[in-house]
Amino acid sequence: MNKWYKMKHADMQKFVSALTEKWEVWVPYRIDGKWEFGIYDTGRDLDFPESVIHVSLKNLFFPKRRPIATYDENSKWSLKPVEPEGKPRIVIGLHPCDVAGIEYMDKVFLQSEHKDVMYASERKRTVLIGMLCSEMADNCHCTDRGLTPDATRGMDAAFARITDGYLLKGLTDKGKQVLRSEYLKKVDEVPDKKDWPAGRYVIASPEEFMEMYDDKIWHEMSDICLTCGICTYACPTCVCFLVTDENFKGKGERVTVWDSCQLQSYSRMAGGHNTRKTPASRVRNRTLDKFAYSHLRYGQISCTGCGRCVMVCPLKRSFPQLGARLTERIKDKKKGKSKSGARSKEA
Amino acid sequence: MKEMRKKIEELLKNGEIDVALGYRENPATGEVKADVFRKDETLDDMVFDERCVQNLVNYLPTLVARYKKVGIVLKGCDGRSLVTQLVEHRINKSQIVALGIGCEGVRLDGKEADKCGDCATNMTPIVDYEFGEKKQKKDPVFSKVKEIERMSPAERWKFFADYFARCERCYACRQICPSCYCEICVADQQEPKWIEPSAKLSANTMWHLIRAYHLAGRCADCGECERVCPQEIPMRLLNNALEKAVHELFGVRPGTVPEEVPPLVVLNKEDPDTILEGKNE
Amino acid sequence: MQVEKEPKILAILCKWCSYAGADLAGTSRFIYPANVRIVQVPCSGRVDPIMIFKAFVEGYDGVMVSGCHPGDCHYGTGNYHARRRIAVARRLLEFVGVHPDRMHFTWISAAEGKKFADVCSRFTDELKALSGTEKTLARKELAT
C-alpha cells in the first residue's frame with residue numbers, strides 16, 4: 001500500500017504556517033548563500049535545499065553554550081539546577097545525515113551510563129520531519145557511511161520534492177499526527193528511486209585504524225593542518241564540552257560550552273602537562289575518534305558523511321579524504337607485510 | 001615562474017636546501033594549496049599565480065625544526081611577515097633561503113583580495129633570489145579604516161558588535177597567524193581567566209580586542225586571519241587600524257624594514273605625552 | 001536608584017607615585033568623588049591593556065591609568081613602556097567604539113595629592129556629561 005501523500009508547493013507554506021500555532025517550527029533558511037536552520041516566521045518564503053544544510057542541527061539539541069546551574073550571593077552561592085524547558089518543536093527539512101548525527105548523540109547522551117537530562121528534554125520535545133535529498137553535494141559521501149541520501153531511518157515523517165509539490169509520509173505516531181492536514185491528497189506517486197554514487201571515500205575497519213596508532217603518517221597529515229576547532233564545531237557528532245563557571249556581579253552560571261580536541265587547551269592538565277601537545281597527536285585523536293574509538297564505544301563510527309568539515313575548513317582540507325588516504329596506507333602496509341611474509345617463507 | 005622552478009630544482013638537487021615550501025596545484029581540481037616539495041619529485045605542479053593566497057611563513061617553524069635548510073616562495077606580504085618572525089628570533093635566517101617573487105596581487109572569491117589594495121611592498125624585503133617585477137614601495141591607504149573612523153562611537157560599536165557576536169571561537173585566526181605563537185594563549189589561560197571560553201558577545205569582544213592588540217606593531221597584514229575566518233569577521237580592519245595607529249604614533253610600518261624591532265617592545269624617552277590623548281578631541 | 005547613575009571609574013595606579021599620591025590626597029583631606037575604585041599595581045609598566053579591556057567589558061564607565069612622571073619611574077623605564085602600550089590600546093578602544101572621554105591617562109607623583117583629587121573630579125564630571133551616550137562594550141549577559 002502506498003503511504004505517500006501529495007501536497008502542492010503553495011499548500012506547504014500554509015501547512016507550515018498553521019503548525020506555528022502550536023509548535024516552534026524550525027526550517028532551513030538561506031543566509032548569505034549558506035543554509036542554516038532558523039525559527040519559521042509566517043511571512044517568509046519556504047524553500048528547501050537539494051542537499052546538505054551548511055550548519056548542522058547539533059546546536060538545537062546540544063547548544064554552544066548552555067547554563068546547567070545558577071547561583072548567586074543571596075543564596076550563599078548554592079547551586080540551583082536549571083530545569084529543562086521549552087515549547088514542543090518541529091524541525092522540517094533535515095536530511096538523513098542529520099538524523100544519523102542525532103542518533104549518534106542519542107547513544108552518547110541517552111544510552112550510555114549517565115543520561116543527560118537537558119539533552120533528553122530537547123530530544124523529547126522535538127519532532128523530526130526529514131527531507132530526502134535529491135542530489136549529492138560536492139562533499140557528500142553518506143553512501144560510504146552506510147546511509148543513502150533518501151533513507152528515512154530515524155525520522156518521524158519524511159517528504160520529498162517533486163516537480164509540482166511535495167510527497168509526504170508519516171513514519172511514527174508523532175509524525176503521522178503532525179501530518180494530519182487538509183492539504184494532503186492521496187496519490188499513487190512515490191519518490192523516484194535513484195542510484196547513488198558510492199565509493200568516494202571508502203575507509204578501513206575500526207580495528208585496522210587502531211593499528212595505525214603509532215604510524216608516522218600522522219605527522220605528514222598534520223603538516224598543513226591549522227588545528228583550529230572549526231571542523232569539530234561543524235561536525236554533527238562531535239560532542240565534547242567544557243564545564244565552566246561564568247560570574248558577574250554577585251551571581252553566576254555554570255555552563256557547558258563546546259570544546260574541541262583540536263585545540264591545545266583541550267588536553268592541558270593541572271600543572272601544565274599536555275598529553276596532546278603536537279598537532280599530529282590532535283589530528284590522530286580526531287581521526288581515530290571518528291573512525292575507530294566511536295565504533296569501539298558505541299558500535300558505530302561517528303562520521304555521517306555530511307561533508308561539513310570540508311565546507312568549513314579554512315584550508316579547504318578534506319577530512320574524509322584524509323580517512324581514505326589512511327585507508328590506502330593501511331592497505332599498502334598490509335601488502336608490504338604479506339610480501340615480506342612471503343619473502344621470509346621463501347627464505 | 002619558470003626561472004623560479006628551475007632555481008628551486010637546482011637548489012634541491014645540489015643540496016643547498018632540503019625542502020622547498022611552495023604552492024602546489026591539484027591538476028584534477030585546479031585548487032592551489034601550500035605544500036612541501038622534496039628532492040625526489042618533479043616540480044611540474046608547482047605554481048605561482050593569483051591563486052596563491054596562503055601565507056607560507058606559518059609553516060616554517062615546524063619545517064625549520066625538522067630540516068636544516070628550507071627554501072620558501074614569498075609574496076610581498078609573506079616576506080613582511082617573515083621579517084617579523086626573524087626579528088622575534090623565532091626563525092634563524094641561516095636556515096632559510098628566501099625566493100621572492102614580484103606579486104601581481106592575489107584573487108579571493110573571484111575578485112582581487114582586499115589586502116592587495118593596501119600592499120606596501122610587492123617584493124619581500126628579505127630576499128636571496130629575486131624573480132619577477134619589483135614595484136615601488138607605497139603607503140597603504142586604509143580606506144576602510146577611515147570609513148569606520150568617520151562613524152560615531154555608538155555606530156562603530158554597532159558595526160563591530162554584530163560581527164563579534166558571530167564568532168564561534170574556533171581560533172582559526174590564531175592558528176593561522178605566524179605571529180600568534182604563545183605557548184599558552186591568553187584565551188586558554190585558566191587562572192586568571194581573562195577571557196571566558198564560551199562564544200558570547202562579551203567574551204568574544206575580549207578575544208578580538210586582545211588578539212588585535214597583541215599584534216599591534218607586529219602584524220604585517222598578510223590577511224590570513226580574515227581569510228580563514230568561517231564567520232567572515234573583518235579582523236583585518238582591527239589589524240589595519242592598529243597598523244595605522246602604530247605608524248602615526250611611532251612611524252613604524254611592521255615588516256617593511258628588515259631587523260626593525262617591533263615598536264611595542266622598545267621604549268623611546270622622546271615620545272610626546274600627547275600620544276596618550278584621545279584622537280577625536 | 002540614584003546610586004546606580006553615578007559613573008564608576010576604575011583607577012589603575014602605580015605603587016610608588018600615583019597610589020602614594022592618592023594616599024596623600026586622603027591624608028591631606030582633599031575632597032574627591034567616591035566614584036573611583038583603585039587598583040594598585042607595582043608599576044604602570046605592569047598595566048596590561050587586557051585589564052583596561054576587561055574593565056570596559058565588565059561595565060565600568062571609565063578607566064584611568066596613572067604612573068610616575070616620565071623619568072621618575074621607580075624601576076627606571078616602566079612608564080615609557082606603559083605610555084606606548086596605552087597609547088595603542090586607546091586607539092584600539094576608540095576604533096571599536098569606546099568614547100575617547102571614557103579613558104584618562106596621566107602622570108601623578110607622590111607629592112601631587114591635589115592633582116589626583118582634581119583629576120578624579122574632572123574625570124567624574126566628564127563621565128557624567130556622557131551619561132546620555134551608550135556604554136559600549138559593556139556586557140549584557142547575566143547583567144539583569
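Convention: sequence-line order gives letters A, B, ...; per-chain numbering from 1.
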Q: Among the options B:E196, B:H208, B:E155, pick out the one with the most heavy-atom pairs lying under 4.5 Å from chain C.
A: B:E196

**Q.** Which atom of B:P153 lies closest to which atom of C:T136, heavy atoms considered
**A.** O-CG2, 4.2 Å

Q: Measure B:L276 against the heavy atoms of chain C and call it side chain, backbone, both or neither at under 4.5 Å.
A: both

Q | C:P49 versus B:Y213, closest heavy-atom pair with distance | A | CG-CZ, 3.2 Å

Q) Can you pull out the residues in residues 64-75 of chain C with any heavy atom less than 4.5 Å from chain B? A) C:P70

Q: Would you mind checking which part of C:L137 comes under 4.5 Å of any heavy atom in chain B, side chain (CB onward), backbone (N, CA, C, O), both or neither?
A: both

Q.
Taking atom NZ as the centre, does B:K158 end up with more than 12 heavy-atom neighbours from other residues, nucleotides or ligands that are less than 6.0 angstrom away?
A. no

(Q) As an exercise: rank B:L209, B:N268, B:V265 by heavy-atom pairs under 4.5 Å with chain C and give me the winner. (A) B:L209

Q | Region of B:P263 that comes under 4.5 Å of a non-hydrogen atom in chain C | A | both

Q. So, B:W194 and C:D48: side-chain donor and acceptor under 3.5 Å apart, yes or no?
A. no

Q) Looking at C:R91 and B:E149, does any basic side-chain N land under 4.0 Å from a carboxylate oxygen? A) no

Q.
Can you confirm whether C:K54 sits close enough to B:I195 that some side-chain heavy atom of one is under 4.5 Å from a side-chain heavy atom of the other?
A. no

Q) Would you call B:E277 and C:R90 a salt bridge, taking side-chain N to carboxylate O under 4.0 Å as the test? A) no

Q | Interface residue of largest heavy-atom contact number with chain B, from C:F56, C:F53, C:F95, under 4.5 Å | A | C:F95

Q. Looking at C:H99, C:E134, C:R83, which one has more heavy-atom pairs under 4.5 Å with chain B than the rest?
A. C:R83

Q) With a cut-off of 6.0 Å (strictly less than), are more than 12 heavy atoms of other residues, nucleotides or ligands near NZ of B:K144? A) no

Q) Between B:R156 (side chain) and C:E94 (backbone), is there a donor-acceptor pair under 3.5 Å? A) yes

(Q) Nearest 0.5 angstrom please: B:L267 CG to C:T77 OG1, how far? (A) 5.0 Å

**Q.** Residue part contacting chain C, namely of B:A245, when any heavy atom lies under 4.5 Å
**A.** both

Q) If you look at every heavy atom in B:F160 and C:V96, which pair is closest and at what distance? A) CD1-CA, 3.7 Å

Q) Of all heavy-atom pairs between C:V57 and B:S202, which one has the smallest distance, and what is that distance? A) CG1-CB, 3.7 Å

**Q.** Residue part contacting chain C, namely of B:I275, when any heavy atom lies under 4.5 Å
**A.** both

Q.
So, using side chain to side chain donor-acceptor pair (under 3.5 Å) as the criterion, who are the partners of B:R169 when residues are at least two apart?
A. B:Y171, B:N204

**Q.** C:R46 atom CZ, over 12 foreign heavy atoms within 6.0 Å
**A.** no

Q | Between CG on residue B:L264 and CZ on residue C:R84, distance to nearest 0.5 Å | A | 7.0 Å

